[in-house]
Each structure stands twice: as C-alpha cells, then as structure tokens.
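Have a look at the structure below, then the notes.
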Number of protein chains: 2
Amino acid sequence: MARKKRYRTSPQRERILELLRNTDIHPTADWVYEQLKKEFPKLSLGTVYRNIRILVQEGLLQRIPAGSTFDRFDGNLKTHYHVICDQCGKIVDLDIPVDETLEKKVRQCTDFTILRHRVEFHGICPECQSKTKKGGLKWQED
Amino acid sequence: MARKKRYRTSPQRERILELLRNTDIHPTADWVYEQLKKEFPKLSLGTVYRNIRILVQEGLLQRIPAGSTFDRFDGNLKTHYHVICDQCGKIVDLDIPVDETLEKKVRQCTDFTILRHRVEFHGICPECQSKTKKGGLKWQED
DNA sequence: GTTCATGCAAATCGTTTGCACAATG
DNA sequence: CATTGTGCAAACGATTTGCATGAAC
C-alpha cells in the first residue's frame, strides 16, 4: 500500500492557486505561466503544469476540457455552469441556479457512483458574432 | 471570399461515419482505425483523423472532449446526456429526458448565441469500483 | 482535367518526465 | 538529512500536415 505523498508549500504553487482563484477567465496553463513569469523570472512551464496537476488532484482546482486543443482551469469549485464560445474558446460563468435534483435522478438510472456533474452551453459569443458579419451557419470558412 | 469546399464520397469516410453511428461506446480515433484496418488494410491514421474532423465540421458527428488525453466521438446527434467514469474514461449514454427549458433560460441571461448544451455526470463505473476494493476517496494512489 | 482523398512520413504542440541542484520540514 | 520542488531540456503522444499518387466528378 502506497504511503500518502506529503506536499510541501512553495511560492510557485501558492501563487498559481491564488491566481486561478482570483480570475474568472478560465485560463490555460500557458496564461498562468505568462502571468507568473513576471514574479518568477526563471519559472518554467513544466513547474506550472506539475503544480496545476497536483492542485487538480487535490481537488483545489477544476480542469475544463473545453474541446479546444488545450485545457483550461477554474479555481471556483462550487458547481456552476459555463457558456463556451465555439469560435474563440472563451468560457464564461453562468448565473443560473444549479439543478440539485439532477444527480439524484441519474443515480436512479445508472450504477455509476455519481460524484458531480457539469453543464456546458455552446454557442457564439457577441464578439465573434460581430466578426462574422453577414455570417451564415458556417463558421470557420476556409 | 472562399468558395465552399465540396466533399466527395469515399469508402473510408462513409464507413467511419457508419461505424460511429452504429456503436454506443463513444470510441477514440484510434479505435476506429483499428476496426477499419480490417476492411482497408492500407488505411492510415491520418485518414481517420482527417475524415472525423470533416464529419464533425459538417455536423455529422459529435466530439466529446472527456477530460482524457484523447477525444472521443459520438454518432448520435440527438442531445443526450453522458456519464463518464473518471477512472477508466468509459462513457455511457444516459436515458433521462433532456431539459428543454434550460437553453431558453440561458438565453435570457447571456448574450451568447446558444446553439446546444451538454451535460456530463462524472463518477466511477461499477467495474472500477470493484477494482478499488476497500477504496477510499483517493483513486490514483501513487 | 480539376479538385479532392489517400497513405506515408515528418512536423506540431500541449503536456509530461528525467535529471541535477535548491528548498522544505 | 530525507524528501519534495524547481528549472531545463528532452521525451511523449495525440493530432495535423506536406507531398506524390490515385479516385471522383
């Protein structure tokens, strides 16, 4: 049986968590890296990834695989819903009440142990809409 | 202004779509490749990715970025909900009614154009539960 | 015939990891 | 001082892409 790993504190890890808790833009790892490079000039991307991974594992951060090529992260652990722009990838928090009965319903029709659920709305954000002037149904024309 | 690209039919593309329409296991690109290699011995992974990408783009397939390292795909285009095993990545369709009022609610509190929504329940599947015998809260012990 | 699709291999890119050294408890 | 964290660079793995050839329209 494996002994529980004991994480120490490090300025880098603390700042990463703090940064992600104080923003609502659901940043990428690279964004975090760019921000903290100002404070830690020798910071490496590997350290950012390593720490984010640990923080997610410890349940202090949420990973959002939003369909893009890279993951995004959320320091807000309360269940809440997101709107995602299919064009630019922007993620915005939604202010609608979480349906508390949903998980209960699902528990009745599956033998999975349900831990949490996630709701994403997909669409196009206002900024991208205005860019796609007389836009039809086809974004990403070639 | 770019002219609309005209896609032709190819046996490979047709079979990829058919395959994904006739399974409910939400396969990876690699799974599709392995299946079709039997029919097309010279098939290449690149072709699978290229076609899946086109089919998703044309709205004939759904991409499911389920948090794992690789994407999964779904030939079922009707809105429906998924349960995802956080341990083995298995994705299972849920048979609960889709909340049709949700998108309407969201449209009222955001200026995104909402096209669709997605609901995922996360947890542990029965198989993984029995593997984690006297399991506590920590999967992926080290 | 022009355009699109294929197989193959090389390239890309987000993320992970091995290593030597510094920092934590 | 035993263990964990860091920076750096190399490794990894899923996906994409350039190219020459073959198929579709």
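Protein chains get the first letters and strands the later ones, always in sequence-line order, with residue 1 at the start of each. Values reported hereafter were calculated over all heavy atoms of this structure, with side chains retained and with hydrogens, waters and symmetry mates removed.
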Original post:
Is any side-chain heavy atom of A:F73 closer than 4.5 Å to a side-chain heavy atom of A:I64?
Top reply: no
Subject >> Length of the CD-C1' vector between A:E14 and D:dT4, whole Å >> reply: 14 Å
**OP:** Mind calculating the distance between CZ (B:R6) and P (C:dA5) to the nearest angstrom?
**Re:** 12 Å
Subject >> D:dG18 base / B:R50 side chain donor-acceptor hit below 3.5 Å >> reply: yes
Subject >> Interatomic distance, A:Y33 OH vs D:dT6 P [rounded to whole Å] >> reply: 14 Å
Original post:
Is B:D30 touching bases, backbone alone, or none of the nucleic acid, heavy atoms closer than 4.0 Å?
Top reply: nothing
**OP:** Send over the distance from B:F40 CZ to C:dT6 P, rounded to a whole Å.
**Re:** 9 Å
Original post:
Sub-3.5 Å donor-acceptor pair from the side chain of A:R107 to the main-chain atoms of A:I114, do we have one?
Top reply: yes
Original post:
How many Å lie between CD1 on B:I54 and C1' on D:dT17, as a whole number?
Top reply: 13 Å
Original post:
Are any of A:Q12's side-chain N or O atoms less than 4.0 Å away from OP1 or OP2 of D:dG7?
Top reply: yes
**OP:** Using a 4.5 Å cut-off on heavy atoms from C-beta on, say whether the side chain of B:H82 contacts that of B:H26.
**Re:** yes
**OP:** State whether B:R13 places a side-chain N or O below 4.0 Å from either non-bridging phosphate oxygen (OP1 or OP2) of C:dA5.
**Re:** yes
**OP:** Specify whether B:Y81 and B:H117 have parallel, tilted or perpendicular ring planes, treating 30° as the upper limit for parallel and 60° as the lower limit for perpendicular.
**Re:** perpendicular
Subject >> Proximal nucleotide (of C:dA5, D:dC8, C:dG7) relative to the A:K42 side chain >> reply: D:dC8
**OP:** Mind calculating the distance between CZ (B:F70) and P (D:dC12) to the nearest angstrom?
**Re:** 18 Å
**OP:** Rounded to the nearest angstrom, tell me the gap between atom CH2 in B:W31 and atom P in D:dT15.
**Re:** 15 Å
**OP:** Select base, sugar-phosphate, or nothing to describe what A:Y49 touches, counting heavy atoms under 4.0 Å on all strands.
**Re:** base
Original post:
For C:dA5, does either OP1 or OP2 sit under 4.0 Å from a side-chain N or O belonging to B:T47?
Top reply: no
**OP:** Find which nucleotide of DNA chain D each of B:F73 and B:R8 is nearest to by heavy atoms, and output the residue with the more 5' nucleotide.
**Re:** B:F73
Original post:
Under 3.5 Å, is there an N or O donor on one side and an acceptor on the other linking the side chain of A:R53 and the base of C:dT15?
Top reply: no
Original post:
Looking at D:dT15, D:dC8, C:dT6, which one has an atom nearest to any side-chain atom of B:N51?
Top reply: C:dT6
Original post:
How do B:D71 and A:V48 order along DNA chain D: which one's closest nucleotide is nearer the 5' end?
Top reply: A:V48
Subject >> B:Q62 side chain to B:V56 backbone, donor-acceptor under 3.5 Å >> reply: no
Original post:
For the pair made of CG in A:L45 and C1' in D:dG7, what is the distance, rounded to whole Å?
Top reply: 11 Å
Subject >> Phosphate OP1/OP2 of D:dC25: any B:T9 side-chain N/O under 4.0 Å >> reply: yes
Subject >> More than 12 heavy atoms from other groups under 6.0 Å of CG on A:N22 >> reply: yes
Original post:
For C:dT15, does either OP1 or OP2 sit under 4.0 Å from a side-chain N or O belonging to B:T69?
Top reply: no
Original post:
If you check every side-chain atom of B:L43, which of C:dT24, C:dG7, C:dT6 has the closest atom?
Top reply: C:dG7
